[in-house]
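Just below is one structure, and these are the notes that go with it.
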Protein chains: 2
Amino acid sequence: MNVTGHTRRPASIRDVATAAGVSYQTVSRVINGHPSVKPSTRDRVLAAIDELGFRRNATALALASGRSRAVTVLTANTTHYGYASILQGVEEAARAASYAVGIGVLESAEEAAVAAQVQRAADAGGGLIVIAYDPAGVRALTSVPAELPVVGVVETPASPPGGDRPWVWTDDREAAYQVTRHLLSLGHETVHYVAIPSSTRRTSARTSGWRQALREAGAPEPRPVQGSWGPAGGHTAGRKLAKDPAVTAVLCGNDDLALGVLRALHEAGRAVPDEVSVAGFDDAPHSAYLTPSLTTVRLDFTGLGRAAFALLHGAVEESAQVAPHPVSVPELVVRETSGRPPR
Amino acid sequence: MNVTGHTRRPASIRDVATAAGVSYQTVSRVINGHPSVKPSTRDRVLAAIDELGFRRNATALALASGRSRAVTVLTANTTHYGYASILQGVEEAARAASYAVGIGVLESAEEAAVAAQVQRAADAGGGLIVIAYDPAGVRALTSVPAELPVVGVVETPASPPGGDRPWVWTDDREAAYQVTRHLLSLGHETVHYVAIPSSTRRTSARTSGWRQALREAGAPEPRPVQGSWGPAGGHTAGRKLAKDPAVTAVLCGNDDLALGVLRALHEAGRAVPDEVSVAGFDDAPHSAYLTPSLTTVRLDFTGLGRAAFALLHGAVEESAQVAPHPVSVPELVVRETSGRPPR
DNA sequence: GCCAGGATTGTGACCGGTCACATATGGGCC
DNA sequence: GGCCCATATGTGACCGGTCACAATCCTGGC
């Protein structure tokens with residue numbers, strides 16, 4: 001077919017209808033699996049569909065029906081491992097449900113810029129998934145108009161931003177608690193913490209898990225060092241910590257931060273793990289191959305993305321399997337950067 | 001307005017029209033900046049638009065006009081630094097042009113799966129940007145139907161896949177050439193190469209740049225070691241190379257691979273850079289903070305993404321600034337993993 | 001004062017689907 | 001045989017815009 005090579009505009013249901021000798025409505029019934037269509041008619045229509053290479057026009061479908069089978073993921077960044085993994089998880093689940101996935105980057109946390117991005121996402125139609133681990137994301141989540149279906153990916157379910165919106169989360173608090181306990185159990189007097197930028201003004205889930213572990217152990221609670229997201233921030237923070245001989249264990253808000261800290265310790269001549277132990281957060285793919293390899297906690301980001309989509313999907317379609325998402329248990333991964341403190 | 005709190009369906013141009021006392025067509029003219037509208041009328045319409053909070057429905061626009069102001073990026077993975085950066089670049093440029101960005105992950109390189117993803121992307125409407133650095137991407141690029149506007153992001157412009165489709169590229173060949181020369185200039189007899197999975201059956205641009213440098217220097221040309229994308233592949237490859245005492249310099253197809261190689265060398269007790277020099281490719285953000293820090297070449301992936309979008313944009317809209325994209329010059333970044341060979 | 005012609009504005013059809021309702025068709029049952 | 005109802009199919013309007021064309025207004029030139 002189309003032997004002429006002419007770019008023919010794609011077949012519509014009316015084309016299929018004429019080809020099959022039925023009305024366009026019948027074709028619509030067939031493609032929607034409506035029960036009351038005579039088998040012989042259905043076959044004729046299906047044959048025509050196949051013959052003409054008909055595909056249902058997603059745009060027209062969205063316009064006419066109002067639902068758009070699309071999700072937009074709003075994120076502050078696409079290159080961070082955790083964010084990118086969440087995105088990948090969303091895409092995976094969306095693909096399985098034949099939803100389209102859009103993406104919007106929140107380049108700045110500034111009010112107007114965020115609002116503009118939310119608007120754009122809303123224009124695209126469909127639901128929204130907002131990664132709200134950082135100020136930009138949180139602001140985006142809170143500024144989503146009420147009538148838009150949205151799911152937040154947040155770090156803590158305790159009073160999550162965005163009010164009573166549905167959300168998914170990894171148990172960051174528990175994860176931080178576990179790593180901190182691990183370090184303490186090795187004999188460290190206390191554990192210092194290099195934080196990622198907090199998503200809210202209040203303390204983050206990671207910070208609070210860390211603090212809880214210290215408190216339970218009766219360990220002193222040093223003030224968290226503020227880091228950024230990348231290794232550069234970790235490096236700066238690490239330089240400060242390296243100067244203090246009392247520091248023997250450092251927990252970092254993510255693996256990139258930990259990398260920077262490791263580098264700073266190395267530059268200061270402090271051996272890891274013999275003098276100082278370091279632990280990260282997230283278990284990025286490269287962490288296992290560092291020298292020394294990084295002790296960290298693994299979080300199931302892809303699963304988180306899938307869960308976020310499932311929740312949104314359930315909220316948008318009636319065939320809702322709205323089972324609250326099973327929070328995956330963070331897994332402590334002990335490697336070479338953690339050890340007993342020097343005596 | 002909307003004081004009742006009722007979720008009112010968004011205003012359409014006909015709502016605006018009645019509010020302003022004009023016809024819907026006049027409203028359409030105003031929002032499209034058509035010249036022949038009396039200023040006083042225009043003001044009235046703009047006021048009504050503002051009052052009702054009117055936003056042009058993107059779906060209806062796409063259906064009626066045929067053009068959809070959307071791009072879909074097809075990629076094998078969202079978590080690799082290079083890919084994620086390209087995506088980020090595309091999004092940035094698309095946002096500036098108020099285009100929506102969609103994403104499709106090519107989970108498998110298998111024919112049917114790839115075809116399905118291309119179909120889905122086509123259904124979304126708008127253009128396509130295919131990251132064709134790997135087999136899945138290349139297959140996707142070649143299977144895009146001719147009538148769909150598409151831009152390939154490829155590693156080499158010499159007989160790129162996808163026929164005469166427009167493409168953008170980083171000069172991988174030149175980059176590989178530079179790093180290899182750098183290593184040779186330090187005195188290494190030759191440079192071994194751990195390759196990323198090649199995108200085509202023929203040798204990749206990186207491989208050929210490496211080979212050219214060796215040839216020009218009259219150095220022996222060892223057979224490239226096949227790696228994967230991640231550090232695990234580099235680790236396997238590195239273990240093999242570590243056993244051969246003749247190996248004093250290793251170039252890796254990307255920074256993750258290099259990380260794996262570094263780890264393997266460490267485990268085998270071979271010092272870097274004193275016994276073996278290692279260089280990577282891409283300059284991922286963490287590479288500068290490794291210990292020892294990684295010598296690599298920086299490629300402008302974000303710029304590449306922006307260029308890809310610009311090209312597509314130019315192809316789709318008449319207001320075309322189709323200037324062929326200025327290939328950014330790869331930048332050699334010499335750090336600690338490269339040094340003179342042992343004597 | 002009349003008319004040509006550009007500036008403004010309006011009307012109807014259409015993009016490709018869905019939805020609500022009307023209209024055949026075919027059995028089963030009294 | 002007639003009636004009722006479930007099954008099968010068709011018709012018209014609509015989603016919210018655009019496009020092509022028609023209609024009206026206004027102004028200057030003769």
Side-chain angles (χ1 to χ4, degrees), chain A residues 7-46 48-49 52-70 98 100 122-126 317-318, chain B residues 7-46 48-49 52-70 98 100 122-126 317-318:
Chain A
T7 297
R8 190 174 49 180
R9 84 159 155 54
S12 74
I13 55 168
R14 322 214 180 213
D15 298 331
V16 174
T18 19
V22 296
S23 78
Y24 53 82
Q25 179 62 293
T26 301
V27 176
S28 174
R29 290 201 181 89
V30 170
I31 59 188
N32 287 303
H34 189 98
S36 62
V37 175
K38 204 201 290 183
S40 66
T41 315
R42 180 192 315 279
D43 290 347
R44 225 155 5 108
V45 170
L46 288 175
I49 285 179
L52 299 177
F54 167 81
R55 305 209 90 215
R56 196 225 241 95
N57 180 321
T59 306
L61 173 61
L63 179 59
S65 68
R67 25 206 146 91
S68 64
R69 302 187 78 72
S98 33
D123 287 349
E317 293 195 10
E318 326 68 43
Chain B
T7 297
R8 190 173 51 182
R9 85 161 152 52
S12 73
I13 57 168
R14 320 211 183 217
D15 298 330
V16 174
T18 20
V22 295
S23 78
Y24 53 82
Q25 179 61 299
T26 300
V27 177
S28 173
R29 288 199 181 90
V30 170
I31 59 188
N32 287 303
H34 189 97
S36 63
V37 175
K38 205 201 291 185
S40 65
T41 314
R42 180 191 318 279
D43 291 347
R44 228 162 355 115
V45 170
L46 288 176
I49 285 178
L52 300 177
F54 168 81
R55 306 209 90 215
R56 195 224 240 95
N57 180 320
T59 307
L61 173 61
L63 178 60
S65 69
R67 21 204 151 93
S68 63
R69 303 186 77 74
S98 34
D123 286 349
E317 293 196 10
E318 326 68 42

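By convention in this document, chain letters (A, B, ...) are assigned in the order of the sequence lines, proteins followed by strands, and residues within each chain are numbered from 1.
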Which atoms form the tightest heavy-atom contact between [X] and [Y], and what is the distance?
X	Y	result
A:Arg42	A:Val37	NH2-O, 3.4 Å
A:Ser12	A:Phe54	C-CE1, 3.7 Å
A:Ala58	B:Asp123	CB-O, 3.6 Å
B:Val45	B:Val16	O-CG1, 4.1 Å
B:Gly125	B:Ser68	C-OG, 3.4 Å

Mapping B:Thr41 and A:Arg56 onto DNA chain C by nearest heavy atom, which one lands closer to the 5' end? B:Thr41

Does B:Gln25 or A:Arg55 map to a spot on DNA chain C nearer the 5' end, using the closest nucleotide for each?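 Looking at DNA chain C, the more 5' nearest nucleotide goes with B:Gln25.
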
Quick check on DNA chain D: between A:Arg14 and A:Arg44, whose nearest nucleotide comes earlier from the 5' end?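 By nearest-heavy-atom nucleotide position, the 5'-most residue is A:Arg44.
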
Send over the distance from [X] [atom1] to [N] [atom2], rounded to a whole Å.
X	N	atom1	atom2	answer
B:Ile49	D:dG16	CD1	P	16 Å
A:Leu52	C:dG16	CG	C1'	15 Å
B:Lys38	D:dT24	NZ	P	16 Å
B:Asn32	C:dT9	CG	C1'	15 Å
A:Arg29	D:dT7	CZ	P	13 Å
B:His34	C:dT9	NE2	C1'	10 Å
B:Asp123	C:dG16	CG	C1'	13 Å
A:Tyr24	D:dA8	OH	C1'	16 Å

Phosphate-side-chain proximity, A:Arg69 and C:dG17, N/O vs OP1/OP2 below 4.0 Å: no

Look at A:Ser36 and D:dT7 and indicate whether a side-chain polar atom (N or O) is within less than 4.0 Å of OP1 or OP2. no

Determine yes or no for a side-chain-to-main-chain donor-acceptor pair under 3.5 angstrom, with A:Asp43 supplying the side chain and A:Ser40 the backbone. no

Quick one: does any side-chain atom of B:Thr18 pair with a main-chain N or O of B:Arg14 as donor and acceptor, under 3.5 Å? yes

Identify which nucleotide among D:dT9, C:dG17, D:dG17 has an atom closest to any side-chain atom of B:Ile13, counting heavy atoms from C-beta outward.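 Closest of the options to the side chain of B:Ile13: D:dG17.
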
Contact list for DNA chain C against residues 57-65 of chain B - heavy-atom distance below 4.0 Å: B:Leu63, B:Ala64

Answer with base, sugar-phosphate or nothing: what part of the nucleic acid does A:Thr26 contact at a heavy-atom distance below 4.0 Å? sugar-phosphate

